[in-house]
Amino acid sequence: MRGPGPEARMGVGGCWPRLPALPLSSPPLYRPRAPREVVGHFTEEETEAGERPPGPFALPRKKLRRRKRPRARARWPACTSRSCIALPSRGSRSRRHAVREPIARPPAAHSRRLLSARRRRAWGAAAAPEAGREPARAGPAVPGSRCRGGSRASVGEGAGGGNDIQWCFSQVKGAVDDDVAEADIISTVEFNHSGELLATGDKGGRVVIFQQEQENKTQTHSRGEYNVYSTFQSHEPEFDYLKSLEIEEKINKIRWLPQKNAAQFLLSTNDKTIKLWKISERDKRPEGYNLKEEDGRYRDPTTVTTLRVPVFRPMDLMVEASPRRIFANAHTYHINSISINSDYETYLSADDLRINLWHLEITDRSFNIVDIKPANMEELTEVITAAEFHPNSCNTFVYSSSKGTIRLCDMRASALCDRHSKLFEEPEDPSNRSFFSEIISSISDVKFSHSGRYMMTRDYLSVKIWDLNMENRPVETYQVHEYLRSKLCSLYENDCIFDKFECCWNGSDSVVMTGSYNNFFRMFDRNTKRDITLEASRENNKPRTVLKPRKVCASGKRKKDEISVDSLDFNKKILHTAWHPKENIIAVATTNNLYIFQDKVN
Amino acid sequence: METDDREGNRMWEEDSSHKHLLDVSSWINCIVASKTTKDTMFARGIKRKCFDGEEDIEGTLAGFKSVPSYNLQRQSLLDMSLVKLQLCHMLVEPNLCRSVLIANTVRQIQEEMTQDGTWQVINAQNTGQASLDRLVSSDILCRSTKEQNEGKLVPSYSGFSKDFENTPSQDIISDLSTVTSVQAPRNPQSNNVWEMENSQENRGNFQKSLDQIFETLENKNPNSVEDLFSDVDNSYYDLDTVLTGMMNNTKMGHCDVLESFSSQTTTNSNSNCKSDINELDHIVEILVES
């Protein structure tokens with residue numbers, strides 16, 4: 001049972017944000033609340049236990065333990081008079097910091113690489129990192145039981161010949177046991193623009209970011225492995241009083257912003273609220289204050305005899321995540337997609353019936369650019385399922401619907417893009433018609449290619465690639481699991497037919513990948529027209545194990561090593577996959593584990 | 001057939017708590033069993049129309065060697081869809097996309113049934129009154145069902161401030177009416193979803209169940225729904241209501257209730273139920289003696 005937090009009490013929260021003017025026929029948005037900054041302090045022990053960091057709603061209420069070592073960061077001098085009961089003013093900056101977690105880095109050999117060369121240049125730090133840097137805190141290589149790093153992928157042997165990529169197991173993250181805690185179910189996976197960072201969001205509202213280790217000179221034949229970089233609680237469960245319903249904290253989507261300075265930014269969203277998070281590193285701290293001791297206690301000014309200038313000293317690398325913007329109260333229905341525009345200033349958020357355009361700097365206003373809500377809800381037959389901006393044209397975006405259509409809209413045409421510029425729809429195949437035709441034609445994901453010429457859509461049974469210049473049919477269609485077509489009724493019965501699979505492109509737009517059941521995932525090479533089915537399972541745990549292609553036998557005699565359709569496990573589904581933008585590294589999310597595979601390098 | 005009838009009864013009695021997810025295959029079994037009028041339709045040897053994805057339903061039909069007909073499959077699909085729409089989580093907002101897809105499927109089946117004329121046939125058989133009125137009203141029913149469904153959605157999504165006073169009362173009224181439709185299937189004597197004693201209920205059953213479904217899409221106060229269903233649930237074991245026959249929501253008389261109790265003791269594996277029934281028996285004994 002979750003209860004409302006302190007901010008949700010009536011009367012608390014200050015002034016209500018200004019809402020855009022609504023026509024009378026629209027339903028009222030739920031009660032607006034002032035944006036609430038997430039402030040949580042939890043020590044590493046709590047996260048290590050694998051439990052959700054307790055939020056204000058978690059009951060029984062875990063006592064939040066403050067850090068034992070004092071903050072070295074109170075910059076603003078406070079009133080030291082004994083009669084003054086005011087707490088030292090921490091200023092607004094520190095209050096915004098959500099989590100401070102020292103990263104326990106592996107021992108010294110790797111600690112010299114704490115700042116990448118590029119970032120060092122950006123920061124203009126002159127000091128050589130080796131000198132004066134304290135060794136990283138010894139301890140487990142990665143904090144938290146959430147991450148169970150696999151062994152490093154080592155040199156591949158044999159000839160990985162020709163154009164075929166051979167995929168090898170690299171790492172698996174997540175709990176080993178089969179009993180899956182609901183909060184650990186991974187709900188989104190996304191690489192950043194450089195591929196160095198990999199973000200995952202889960203049903204408990206947490207975001208875990210993994211960072212790729214820099215390639216070591218000694219191991220030229222493997223790419224760096226991913227280790228936990230930062231963990232933070234992005235969204236908390238909320239309670240909507242107007243509707244008496246809970247708003248889930250599950251992270252629906254994460255999208256990275258391109259990096260502009262030393263910090264990283266990402267957008268994460270749950271059903272109703274989008275947040276812009278800043279992830280920054282801190283590896284220096286000022287030392288040598290005059291009015292303060294090293295442990296934070298304030299000195300009596302009368303005891304100060306000499307003055308000194310505070311200097312920056314290196315410290316354990318600490319990665320902080322703080323919410324910089326909270327975009328709330330703009331969606332009546334559940335947000336299913338967010339997409340950042342190529343101008344890197346605006347982004348869109350799409351729910352079931354509307355799409356809103358936001359500016360990253362402005363949180364109290366958004367523009368509604370698509371609204372397919374009918375005047376009479378009796379006529380509701382179609383919902384928006386996904387939306388994305390074009391990667392190059394900042395005025396173009398597409399959105400897909402539950403009826404299998406994709407609409408491309410140009411924002412220059414009108415302020416409200418209810419009329420599409422292009423409508424992509426494939427006529428139905430009459431031979432395959434059944435009662436489930438509409439359900440399986442519902443598009444669960446749409447992704448533009450990196451070039452911007454093509455887009456890919458995923459419906460229940462197939463992946464289709466569309467040329468933006470041709471609207472009447474896709475240029476390529478790949479069947480993901482056609483053997484399920486005869487099982488649609490039982491899949492409807494157990495609700496699996498409503499699973500929303502995602503799809504992704506590789507960096508060069510030559511291969512597409514999507515997930516399936518039984519922890520299988522499929523890749524289709526557009527050039528060679530070959531496809532492969534692989535499995536993400538702990539059985540192939542050894543590094544550099546080349547994954548064996550799997551095959552599902554639809555009917556008839558089952559050959560050796562084939563799996564029959566009836567023995568597929570429909571509870572093990574791979575809905576979320578991501579491909580490194582530059583290299584052949586893929587991240588595949590099963591229910592609560594994250595698998596990282598790399599291609600075999602010689 | 002008799003065993004299947006009992007199975008059918010058992011199924012509906014087991015559904016004492018709407019939260020228990022039905023075992024759909026046994027449920028489909030029950031529906032098949034209860035369609036006595038459909039016997040002729042799936043007599044052995046009749047070729048089944050090509051119906052994608054229904055082979056699994058065949059597999060789950062225990063004891064039927066014949067191939068179920070297209071109509072039967074369509075009917076069971078319709079029932080399954082209705083159940084799906086009903087079983088919405090009340091605490092978290094239901095998934096709109098899923099609901100819309102299921103509703104579209106229901107409409108599609110319904111349209112097809114109307115075109116086939118099957119819809120009218122079902123209604124006529126169920127009531128036993130094949131009057132012209134019935135047939136005409138079925139047309140209107142089908143049309144108005146849609147509008148009913150959709151009409152019900154109007155208050156849900158356009159709950160503006162001035163409509164707010166209307167919507168709660170509307171909810172309550174429609175809730176009360178829909179509770180009757182929920183209870184009617186529980187009647188052990190009615191094996192068929194469509195077979196009602198009350199003709200009025202029969203006419204409105206489909207429409208009301210769709211109403212009920214679309215109301216669950218509304219964001220209504222879960223308390224009211226729980227209260228309604230809690231009345232239904234507890235009334236089985238509520239001594240007062242049993243003895244005074246004040247079970248307004250059901251058509252059962254005392255005998256029926258006790259019958260259902262006795263059959264429940266044999267078939268219901270719910271341990272709570274057993275202990276309650278034992279207590280009930282004990283109390284009844286005491287009262288009878290006094």
Side-chain angles (χ1 to χ4, degrees), chain A residues 1-2 24-28 30 237 240 242-248 271-272 332-334 336 351-353 373-385 401-403 431-440 442 444 484-495 497-498 500 566, chain B residues 24-25 28 50-60 73-74 76-78 80-81 84 89-105 107-109 112 146-164 214 217-223:
Chain A
M1 275 293 287
R2 298 191 184 102
L24 277 181
S25 60
S26 300
Y30 60 90
D240 184 341
L242 202 61
K243 300 178 187 171
S244 295
L245 288 173
E246 220 178 71
I247 300 170
E248 284 190 322
D271 282 339
K272 300 281 189 188
T332 312
Y333 305 99
H334 292 340
N336 51 52
D351 66 19
D352 289 326
L353 296 177
K373 180 166 170 284
N376 285 326
M377 283 300 284
E378 64 202 45
E379 292 151 25
L380 178 66
T381 53
E382 194 174 7
V383 297
I384 298 173
T385 50
S401 80
S402 59
K403 286 204 164 164
S431 64
N432 272 338
R433 175 133 181 77
S434 75
F435 282 119
F436 307 106
S437 296
E438 186 183 325
I439 300 181
I440 62 169
S442 168
S444 52
L484 294 182
R485 195 181 284 274
S486 55
K487 306 282 176 197
L488 287 179
C489 192
S490 26
L491 292 168
Y492 180 71
E493 190 182 310
N494 61 14
D495 272 358
I497 207 174
F498 300 107
K500 293 192 188 286
D566 299 314
Chain B
V24 187
S25 54
I28 291 173
C50 177
F51 187 79
D52 284 334
E54 287 292 1
E55 287 142 17
D56 285 20
I57 288 203
E58 286 172 52
T60 59
Q73 291 165 351
R74 183 175 59 187
S76 39
L77 186 63
L78 177 64
M80 201 195 319
S81 308
K84 275 189 186 304
H89 297 284
M90 293 317 261
L91 204 57
V92 182
E93 218 167 324
N95 190 349
L96 184 66
C97 181
R98 178 175 175 267
S99 309
V100 164
L101 287 174
I102 298 174
N104 287 349
T105 312
R107 276 199 204 104
Q108 187 187 351
I109 296 176
E112 213 181 278
K146 259 194 244 180
E147 286 151 20
Q148 271 304 78
N149 310 336
E150 294 140 3
K152 283 298 173 199
L153 281 176
V154 174
S156 72
Y157 293 112
S158 64
F160 210 48
S161 57
K162 53 183 179 184
D163 292 340
F164 255 52
F214 286 106
L217 293 180
E218 296 174 15
N219 305 308
K220 63 175 153 188
N221 189 358
N223 289 336

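In what follows, every chain begins at residue 1, and chains take the letters A, B, ... in the order their sequences are listed. Keep in mind it's a predicted model, so treat the numbers as computed, not measured.
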Problem set entry | With A:Glu438 via salt bridge (Lys or Arg N to Asp or Glu O under 4.0 Å) - residues at least two apart | none

Exercise. Hey, are A:Lys272 and A:Asp351 close enough for a salt bridge, meaning a charged N less than 4.0 Å from a carboxylate O?
Worked result: no

For this session: Tell me, please, which residues at least two apart from A:Asp352 pass side-chain contact (heavy atoms from CB on, under 4.5 Å).
Result: A:Tyr333, A:His334, A:Asn336, A:Val383, B:Leu96

Problem set entry | Interface moiety of A:Ser437 toward chain B, non-hydrogen atoms closer than 4.5 Å | neither

For this session: Heavy-atom pairs under 4.5 Å with chain B are the metric here; pick the option from A:Thr385, A:Asp495, A:Ile439 that has the most.
Result: A:Asp495

For this session: Counting only heavy atoms closer than 4.5 Å, note whether A:Ile384 contacts chain B via side chain, backbone, both or neither.
Result: neither

Problem set entry | Contact class of A:Ser442 relative to chain B, heavy atoms under 4.5 angstrom | side chain

Exercise. Do you know which two heavy atoms are closest between A:Ser402 and A:Glu382, and how far apart they sit?
Worked result: OG-CA, 3.6 Å

